[in-house]
Amino acid sequence: MADFASEQRIHTAVCYGMMACGVASLIALIITVAPYGRYSQGKGILVNAKLGWIIMEIPNLLIPIAFYFYPCGLKVSQNPINYLLLGMYILHYIHRTLIF
């Protein structure tokens, strides 16, 4: 299990990585025109709306499932109420991602 200082370094590195991705996205979108929705006029890669929704929402379903099966040894994972809440979240995202 990682100590606080190493977790803080990981968190800081992830934050800087996200900021770098934001800057890279800004530059890419200034240089190119990104087609969007019905205004795309056939340019770029067109993705089916249902498939796009699933691709966008599937991490919200898979990451909590991974935490459910691999609880990381934290004290909060020992509380059955947390498993109940996580189960409700997973059921919600199964409906939101795959059924709706």
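The shown structure was predicted, so the numbers you read here are calculated from the model rather than taken from an experiment.
- Atom CZ in Arg9 sits 14.0 Å away from atom NE2 in His11 (nearest 0.5 Å).
- Atom CG of Leu91 sits about 10.0 Å away from atom CG of Leu86, to the nearest 0.5 Å.
- Interatomic distance, CZ of Arg96 versus CG of Leu61, reported as 11.5 Å (0.5 Å rounding).
- In this structure, CD1 in Ile54 is found 8.5 Å from CG in Asn48, a value given to the nearest 0.5 Å.
- Remark: Ile30 CD1 to Ser25 OG distance equals 11.0 Å, nearest 0.5 Å.
- Considering OH of Tyr93 and CD1 of Ile58, their distance stands at 11.5 Å, rounded to 0.5 Å.
- In terms of heavy-atom proximity, Pro59 sits nearest to Pro64 at O-CD, 3.9 Å.
- Side-chain contact between Asn60 and Thr97 is absent, with no heavy-atom pair separated by less than 4.5 Å.
- Hydrophobic clustering (ILVMFWY, side-chain heavy atoms < 4.5 Å, transitive): Met56 and Leu51 are in distinct clusters.
- Tyr83 and Leu85 fall into different hydrophobic clusters, defined by Ile, Leu, Val, Met, Phe, Trp and Tyr side-chain heavy atoms under 4.5 Å apart, directly or through other members.
- Within 6.0 Å of the CE atom in Met18, the count of heavy atoms belonging to other residues, nucleotides or ligands does not exceed 12.
- The two residues Leu98 and Lys50 make their nearest non-hydrogen contact at O-NZ, 4.4 Å.
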